[in-house]
**Q** 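Let me give you the structure first, and then I'll get to my questions.
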Amino acid sequence: MRPLTVIGNWKMNGSIAGNAIWIEAVCSEMEKGMPAGRRYGVCPPYPFLAQCGGLIQSCSLAPLSLGAQDVSAEQLGPFTGEVSAAMLSEFGCTYVLVGHSERRDRYNESDQLVAEKALQVLDHGMTPIICVGETADERNSGRAVEVVRGQVAKQVAILQDRLADSLIAYEPVWAIGTGKVASAQIAQDMHREIRLQLAEFDADVASHVGILYGGSVKPDNAVELFAMPDIDGGLIGGASLDPQEFLAICRA
Ligand code: PGA
């Protein structure tokens, strides 16, 4: 049985004062009790990891984990501006996003680089959340499955059975931050496709890997999405900025 996982991705949002209010609101509600067998995480920008990690630790009963939005593919050394997996691990991160479409698109991240980042995350005992997804043009020209399969294939080739310790997030680019959520059936069909592809490699890996959906998830569409057999949770952008919306999705 794969646990349902809900991860908030704040992107380049947050402030020292605002983060404290968010963590306090979410943790105090979570401490009152959450649905069993689920995992929750939040990914603030790098400079806030220490603050948010400390605040989360001080509410030890809240089932909330810390995550980061990216990581370097390098271990250490002269890579100005980069942040290593060892550093993220020292700050108490459990999850690390790799290959978010905003990074693939704006910073030219390739499937190869994404897999190298995921390996760094795994080597440091954390869980990579490997993001994949097609653009509107790719879907409209009937190539959505081919594109996503290509992205997943590279991860399979490089990570092999270490994929069993990873999460995959299917995030159609046309649904990210647009309010255009994929219908639960469209999302389920792609999640199924990804699981079948993983099963071609190894049936055990395929049954273990959690596949999250991301792209305009809100409290009112989360229930239907999370009810799908191959959707194992969500990666939440915009709606994770509001603690009450995030909590409502966590409970969906
Ligand atoms: P969104 O973003 O929920 O704002 O669409 C999701 C994501 O980019 O992870």
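Counting starts at 1 for both ligands and their atoms, following the listed order.
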**Q** Taking atom types as modelled, is there a side-chain donor on Q151 or Q155 under 3.5 Å from an acceptor on the other?
**A**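 No, because no side-chain N or O of Q151 sits under 3.5 Å from a partner of the opposite role on Q155.
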**Q** If you take the nearest heavy atom of each of H100, K180, Q69, E171, which one is closest to atom 8 (O) of ligand 1?
**A**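 When every heavy atom of H100, K180, Q69, E171 is considered, H100 comes closest to atom 8 (O) of ligand 1.
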**Q** Any side-chain heavy-atom pair from V156 and E200 closer than 4.5 angstrom?
**A**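 No. Closest side-chain heavy atoms not under 4.5 Å.
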**Q** So does S15 get a backbone contact from the side chain of N19, meaning a donor-acceptor N/O pair under 3.5 Å?
**A**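 Side chain of N19 to backbone of S15, a donor-acceptor pair under 3.5 Å: yes, one is there.
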**Q** Only heavy atoms of N9, strictly under 4.0 Å: list the atoms of ligand 1 that pass.
**A**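 Result: 9 (O).
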**Q** Can you tell me the protein heavy atom closest to atom 4 (O) of ligand 1 and the distance?
**A**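 It is G238 N, 2.8 Å.
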**Q** Within the structure, is a non-hydrogen atom of A175 found at a distance of less than 4.0 Å from ligand 1?
**A**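 A175: in contact with ligand 1 (<4.0 Å).
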**Q** Where does I176 meet ligand 1, judged by heavy-atom distances below 4.0 Å: at the side chain, the backbone, both, or neither?
**A**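 Under 4.0 Å from ligand 1, I176 contributes backbone and side-chain atoms.
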**Q** Are the aromatic rings of F246 and W22 close, with centres under 6.0 Å apart?
**A**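 Yes, the ring of F246 comes within the 6.0 Å limit of the ring of W22, centre to centre.
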**Q** I'd like to check which ligand 1 atoms, numbered from 1 as shown, lie under 4.0 Å from a non-hydrogen atom of K11.
**A**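 Within the 4.0 Å cut-off of K11, ligand 1 contributes 2 (O), 7 (C), 8 (O).
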**Q** Distance only, no hydrogens: is a donor on one side chain within 3.5 Å (strictly under) of an acceptor on the other, for E138 and W174?
**A**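 No, no side-chain donor-acceptor pair sits under 3.5 Å.
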**Q** Under a plain distance cut-off of 3.5 Å, with no hydrogens placed, do Q69 and Y95 share a side-chain donor-acceptor pair?
**A**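 Judged by distance alone, the side chains do not pair up.
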**Q** Please work out, at 4.0 Å between heavy atoms, whether the side chain, the backbone, both, or neither of A169 comes within that distance of ligand 1.
**A**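 No part of A169 is near ligand 1 at this cut-off.
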**Q** Check whether more than 12 heavy atoms from other residues, nucleotides or ligands sit under 6.0 Å from atom CD of Q75, and answer yes or no.
**A**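 No - once you tally the heavy atoms of other residues, nucleotides and ligands closer than 6.0 Å, there are 12 at most.
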**Q** Would you mind running through ligand 1 and noting each atom that sits below 4.0 Å from a heavy atom of G215?
**A**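 Numbered from 1, ligand 1 contributes 5 (O).
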**Q** Look at atom 3 (O) of ligand 1 and find which of P172, S240, G133, G237 reaches it with the closest heavy atom.
**A**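 Among P172, S240, G133, G237, the closest heavy atom to atom 3 (O) of ligand 1 belongs to G237.
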**Q** Going by the atom numbers of ligand 1, which of them fall below 4.0 Å from some non-hydrogen atom of G177?
**A**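 Selected atoms, number and element: 1 (P), 4 (O), 5 (O).
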